[in-house]
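A short write-up of the structure that comes next.
Proteins get letters first, then strands, A, B, ... in listed order; numbering begins at 1 in each. Note that the structure is a prediction, hence the values are computed from the model and not measured.
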Amino acid sequence: MSFLATNGLATASVKARPSAFAGTFAALVFSATVVTACVAVAVSAAGVPASAEQAELSDMGVAFSLLTVYMSVFVIGQVMSLAVAQRRRESALLRAVGAGPWQIRRMVATEALWTALLALPVGYGLGALLARVWYDGMAGQGMIPDGMALRVGLPPLFAAAGVLVVSSQLGGMIAAWRASRTRPWAALADTTVQGGERPGRVRGFASLVFLVGAGALTVAAGAGSAEDAASEIPLVLLAYLVSIGLAGPWIGRLATAVAAPLLRGLGGVAGELAVAGCRARSRRLSAAITPIALVTAFAVAKFVSLTGAGDPDWMEIFGTLLYAGFAGLVAANTLVMLTLERLREFSLLRTVGAGKQQVVAVVAAEGAVTALAGLGTGALAACAVMVPLGGKTGTPIGGLPWWAWAAIAVCGFVLVWGASCAPLCRMLRVRPIDGVTRRSS
Amino acid sequence: MNTVLELERVSRTYGRGPHPVHALRELDARLYAQSLTAVTGPSGSGKSTLLQCAAGLDRPTSGTVRLAGREISAMGERELTRLRRERIGFVFQSFNLLPTLTAQENVLLPLRLAGERRDPARARRMLARVGLDGREDARPGELSGGQQQRVAIARALVTEPDVVFADEPTGSLDQETAAGVLGLLREAVSAYGATVVVVTHDPAVTALADRVLRLAEGRLVTDTAEAGMPV
C-alpha cells in the first residue's frame with residue numbers, strides 16, 4: 001500500500017512540472033539509443049570467426065560501447081539532479097505538509113524507475129534503427145567481415161536497461177538527498193532564487209579529488225604503451241569532466257566575473273540583468289556549463305586524434321558523429337529545461353515593461369556566459385589530456401588547425417543560443433499576467 | 001475632475017463553444033485623476049479581469065479602454081509594452097520583484113528597460129519615500145513580505161505613471177503590515193498626486209478608498225461615486 005501511496009506522490013510531482021519530466025525522459029531515450037546501437041554492432045562483430053578485420057571492428061565496437069555507457073551514466077546523473085532541483089518547490093510543499101525525507105527519496109526513485117522503463121523501448125527501437133544505418137554504411141565501405149550479420153537481439157536491451165536503471169537511480173539518489181534536506185519554508189518563499197544555493201564543501205572537495213584522479217590517470221596512461229594511452233583518453237577526459245561538473249558553480253562565477261564588464265558595457269540593461277542572473281544562479285549555470293564542456297572536450301580530443309589517423313573509416317566517423325550528436329542533444333536538452341523553468345521571471349519582466357526582444361537579449365547574454373565557460377573548460381580538459389598524451393599517440397594537439405578551434409567555438413555558441421532561445425517563442429506568447437501568476441511550466 | 005481611465009461597454013469573454021465565461025459584461029466606468037479607487041466583489045466577479053483590461057495586460061473582447069486619452073484596447077503588443085513601462089505601475093499580491101536583483105535595481109528596472117541611465121539617487125529617494133532607506137542593496141530574499149511590497153510600490157511609482165494598478169497588494173500580509181502598505185498607497189495619492197486602482201477583498205482598503213466599485217458577475221453593482229457619496 002505504501003508503495004502505491006508513494007507512486008501517487010510521484011505522479012503528482014510529474015504533473016506539476018512536465019518540462020522537467022520531459023527533459024529526463026529525452027536524456028534517457030538518447031542514452032538508450034546510443035548504448036543499443038554501439039552494443040549491437042560490438043556484439044554482432046564479436047560473433048564472427050576471427051580475422052584482422054573482425055578484431056578491429058570488435059575492438060572499436062567495445063570501445064564505443066564503453067564510452068557511451070560512461071557518458072550515459074554521466075549525463076543521466078546530471079539531468080536527474082537538475083530535474084529534481086527544478087522541483088524544489090513541490091518537494092518543499094510535500095515536506096511542509098508532512099512528507100518525510102525518505103518519502104521524497106522514494107518518490108524520486110519511483111519516478112526515475114518509471115521514466116527509465118518508459119524510455120527503454122523507445123531508445124531500444126531508435127538504437128536498432130541507428131545500428132542498421134551504421135551497419136549498412138560499413139557494408140557499403142566493404143568493411144564487414146565474411147559471415148557477419150547485424151543482430152540486435154537481447155544483449156543491447158540488457159545493456160541499455162542496466163545503464164538506464166542504475167544511473168537514473170544513482171542520479172536520483174544524489175539529487176533526492178539534496179531535495180529532502182531543503183528547509184520547506186525557505187524553498188516555498190517566492191523570493192528565493194531557484195538554483196542559487198551555495199555549493200557545499202563536500203562538492204568542492206569531490207571536484208578536487210576527481211581533478212587529482214584525472215591527473216594521476218594521465219600520468220599512468222603516459223607511462224604505458226601508445227595503444228593503451230589512446231584507449232584511455234576518453235576515460236581520463238570523463239574524469240576531468242566530472243571534476244568540471246562538480247566545480248560548475250565556481251566556474252560559472254568565474255566566467256560571470258570575466259564577462260561582466262563586457263556584458264554591462266555592450267549589453268545595456270539586458271547585459272546587467274544577465275550578469276545579476278548568472279551571479280545569483282550559479283548552480284543552474286553549472287548545469288548548463290557541464291554538457292557544453294562535455295561536447296567541446298570530446299570534439300577537440302577526437303579532432304586531434306583524427307589529424308594523425310590518415311583517412312578515417314566509416315566506423316570511426318559514424319561513432320564520432322554518434323557521440324558528438326548524443327552530447328550535443330543532451331546539452332540542448334538541458335538548456336531547454338533551464339529556459340523553460342523561467343516563465344514567471346520573464347513574464348514579470350514583461351509586465352514591468354520589458355519588450356520581447358529585451359527578454360531574448362537577456363537569455364542571449366546569459367548564453368554567452370554559458371558558452372564561454374563551457375567551451376573554455378571543455379577545451380582546457382581536452383588540452384590537459386591531449387598535451388601530455390597526444391604526442392605519445394602520434395597526434396600532438398598542435399596539429400589541430402586554427403579553423404578547427406574556430407569551428408568548435410562557433411558550433412558551441414550556435415548550440416547554446418539556439419537551444420536556450422528555442423522555448424522562448426512559445427513562452428513569450430503566454431500573456432505576461434498569466435505567466436506571473438502561474439506556478440510552474 | 002480629469003478622467004484618467006475610461007472603460008466603455010467593455011466585455012471580456014473567455015473560451016468559446018457552448019459554455020463561454022463572461023468575465024465582464026458591457027461594463028462602463030470612468031476613473032478620475034489623483035484618487036484611490038477600490039474595486040471589490042466576490043471571487044469570479046470579474047475584478048481581476050477589469051484590472052487586466054484597464055492596464056493593457058488583456059484585451060477586451062469588445063468595448064474600448066482609454067488611458068489618458070489614448071485608446072489602449074486597440075494598441076499592438078509593442079505599444080502596450082511601452083505603455084506598461086512608462087505610463088502604468090503594477091503591484092501584485094506576490095512575486096513582484098526579480099529575486100536576482102537588489103531592491104534598488106528592482107526599483108530602477110522600468111527606467112532601465114526604457115533605456116535611461118542608471119540613477120541610484122532616484123532609487124534611494126523612492127526607497128526612502130516608502131520607508132526603506134538603507135536597504136538599497138538587500139535582495140528580495142532578505143526582505144520581509146511587507147518590505148517587498150514597499151519595494152514594489154516604489155517601483156510602480158518611480159516612472160510617475162498615469163495609473164498604478166494593485167491586485168490584492170495586502171492579500172498576503174498581516175493586518176499591521178497591510179495598514180502600512182495601504183498608508184503608502186494613500187499617501188501616493190494625497191501627497192504625490194498619483195492615481196491608484198486597487199483590486200481587493202480587504203475591507204480596510206475599501207474603507208480608505210475615495211471611491212468603491214463593487215462588481216458581481218461581470219457587472220458593476222455599486223459605485224459609491226454615483227450613489228452620491230463623497231468622491
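With chain A as the partner, the residue from B:Glu105, B:Glu86, B:Arg118 showing the most heavy-atom pairs under 4.5 Å is B:Arg118. For the set B:Thr102, B:Thr159, B:Asn96, the count of heavy-atom pairs under 4.5 angstrom toward chain A peaks at B:Asn96. By number of non-hydrogen pairs under 4.5 angstrom with chain B, the leading residue of A:Glu345, A:Arg431, A:Arg279 is A:Arg431. With chain A as partner, the option from B:Gln93, B:Arg155, B:Arg82 having the largest number of non-hydrogen pairs under 4.5 angstrom is B:Arg155. For the set A:Pro432, A:Ala270, A:Cys278, A:Ala354, the entry with the most heavy-atom pairs within less than 4.5 Å of chain B is A:Ala354.
For chain B, the nearby parts of A:Arg350 are the backbone and the side chain; heavy atoms of each come within less than 4.5 Å.
Summarising the geometry, atom NE2 belonging to B:His22 is positioned 9.5 Å from atom CZ belonging to B:Arg219; distances are rounded to the nearest 0.5 Å.
The minimum heavy-atom distance linking B:Leu67 with B:Asp162 is given by the pair CD2-OD2, 4.4 Å.
B:Phe90 and B:Phe92 have parallel rings, their planes meeting at less than 30° on a 0 to 90° scale where 60° marks the start of perpendicular.
Proximity of a side-chain donor or acceptor of B:Gln147 to a complementary backbone N or O of B:Ser144 within less than 3.5 Å is detected.
Under a 4.0 Å N-O distance rule, the pair A:Glu272/B:Arg112 qualifies as a salt bridge.
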